[in-house]
Engineer: 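Below is one structure. I have some questions about it.
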Amino acid sequence: MTVRPAAALGALVAIAATALVGDRTLPAHMVQHALLGLVAAPLLVIAAPVRFTLRHSARRVRRGIARALTSRPVRLAGHPAGGLTLFTGTLAVVHLPAVYDAAERSVGLHALVHGALFWSAVALWVPLLGAEPVPHRTGAIARVAVVTVAMAAMGVLGAVLAAAPAPLYAAYPDLAAQREAGGVMWIGGMAVVLPVLLLAAWSALAAEERRQRTREVRG
């Protein structure tokens, strides 16, 4: 099995795992969110389903996809800054107490929240990991900056949950569990994002080394 089919399978497994984890406790619910945004979303991006569809679909379908990829909303969402804004904004909004508790009372809203988390994470990862065609290709330095900010946003959320003096969500009144949930968000984000950050930093150094060698040869 090549990388892209394996990544697609991994994304499906991660999404299925959210059902197995469940959301009876707040830490488990945060594990669901981490699986969606930090495992399933980047694996889907690596799988490059759009590229596969373009290769194996009829000309009319390819033209429709091309028009969608060049539309302004998609280009904005596919820009590193746009994807980062969508991801951090969605992360903040869905974890507001009013939104979180409303989602716990409504199956439809709960599904919508999980969908928003997943697709905003896809928007974050596309310019960082996506195969062509992507609206924007992110350089190594920009990749480091985007991942750093995303990691900081997850860390802030985890810190808020862990440091709150009282339960934030009526659906989850256990303060000790809330602190554990903050740790899940902090440690889970670090465990997944930090390797990407290190890889991006290594890519930046390697690119600079190649440019230096080119300058030496020309000089």
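Positions are given from 1, in the same order as the sequence printed here. Since the structure is predicted, the reported quantities are computational estimates derived from the model, not experimental observations.
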Engineer: Applying side-chain contact (heavy atoms from CB on, under 4.5 Å), run through H33 and H114 and close with a yes or a no.
Structural biologist: CA-CA 7 Å; H33 291 183; H114 278 198; 3.4 Å; yes

Engineer: Considering all heavy atoms of both residues, which atom of P173 and which atom of P167 are nearest to each other, and what is their separation?
Structural biologist: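 For P173 and P167, the tightest heavy-atom pair comes out as O-CG, 3.1 Å.
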
Engineer: Linking I/L/V/M/F/W/Y whenever any side-chain heavy atoms sit under 4.5 Å apart, do L128 and V3 land together?
Structural biologist: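 Same cluster.
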
Engineer: Taking all non-hydrogen atoms of both residues, which atom of A121 and which atom of A41 are closest, and how far apart?
Structural biologist: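 Heavy atoms only, the tightest pair is CB-CB, 3.6 Å.
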
Engineer: In the structure I gave you, are the side-chain heavy atoms of V160 and L168 within less than 4.5 Å of one another anywhere?
Structural biologist: yes

Engineer: Testing the basics here: between F118 and L36, what is the closest heavy-atom pair and its distance to 0.1 Å?
Structural biologist: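 Minimum heavy-atom contact is CD1-O, 3.6 Å.
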
Engineer: Nearest heavy-atom pair of L124 and A150: which atoms, and what distance?
Structural biologist: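 In this case the closest contact between L124 and A150 is CD2-CB, 4.1 Å.
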
Engineer: Between H29 and Y172, do the side chains contain a donor N or O and an acceptor N or O under 3.5 Å apart?
Structural biologist: yes

Engineer: Quick one, E104 with D23, criterion side-chain contact (heavy atoms from CB on, under 4.5 Å). Give me CA distance, side-chain angles, the key distance, then yes/no.
Structural biologist: CA-CA 9 Å; E104 288 302 305; D23 60 357; 4.2 Å; yes

Engineer: Closer than 3.5 angstrom, by distance alone: can the side chain of W186 be matched with the main-chain N or O of A162 as a donor-acceptor pair?
Structural biologist: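 Judged by distance alone, no pair lies under 3.5 Å.
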
Engineer: Hey, could you give me the OG/CG distance between S120 and L84, rounded to the nearest 0.5 Å?
Structural biologist: 10.5 Å

Engineer: I want to check something: taking the side chain as every heavy atom from C-beta on, are L26 and Y100 in contact at a cut-off of under 4.5 Å?
Structural biologist: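 They are in contact (side-chain heavy atoms under 4.5 Å apart), so the answer is yes.
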
Engineer: Taking a hydrophobic cluster as the set of Ile, Leu, Val, Met, Phe, Trp and Tyr residues connected by side-chain heavy atoms closer than 4.5 Å, whether directly or through intermediates, do M185 and I187 fall within one such cluster?
Structural biologist: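 Hydrophobic grouping puts M185 with I187.
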
Engineer: If you take all heavy atoms of A14 and V39, which pair is closest and at what distance?
Structural biologist: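 So the two residues come closest at CB-CG1, 3.7 Å.
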
Engineer: What distance do L43 atom CG and L9 atom CG have between them, rounded to the nearest 0.5 Å?
Structural biologist: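 L43 CG to L9 CG: 9.5 Å, rounded to 0.5 Å.
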
Engineer: Can you tell me how far the CG atom of L157 sits from the OG1 atom of T88, to the nearest 0.5 Å?
Structural biologist: 11.5 Å

Engineer: When rounded to the nearest 0.5 angstrom, what is the spacing between OG1 in T18 and CG in L117?
Structural biologist: 11.5 Å

Engineer: Given D174 and Y169, is the side-chain contact (heavy atoms from CB on, under 4.5 Å) satisfied, shown in steps?
Structural biologist: CA-CA 9 Å; D174 188 336; Y169 306 121; over 6 Å; no

Engineer: Roughly how far apart are M154 CE and F87 CZ, rounded to 0.5 Å?
Structural biologist: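 Between atom CE of M154 and atom CZ of F87 there are 5.0 Å.
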
Engineer: Measure the OG1-CD distance between T25 and Q178 for me, rounded to the nearest 0.5 Å.
Structural biologist: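 If I round to the nearest 0.5 Å, the distance is 12.5 Å.
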
Engineer: For R179 and L161: C-alpha separation, side-chain torsions, deciding distance, then whether side-chain contact (heavy atoms from CB on, under 4.5 Å) applies.
Structural biologist: CA-CA 6 Å; R179 290 172 178 165; L161 292 173; over 6 Å; no

Engineer: Could you pull out the closest heavy-atom pair between A123 and L86, with the gap in Å?
Structural biologist: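 For A123 versus L86, the nearest heavy atoms are CB-CD1, 4.0 Å.
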
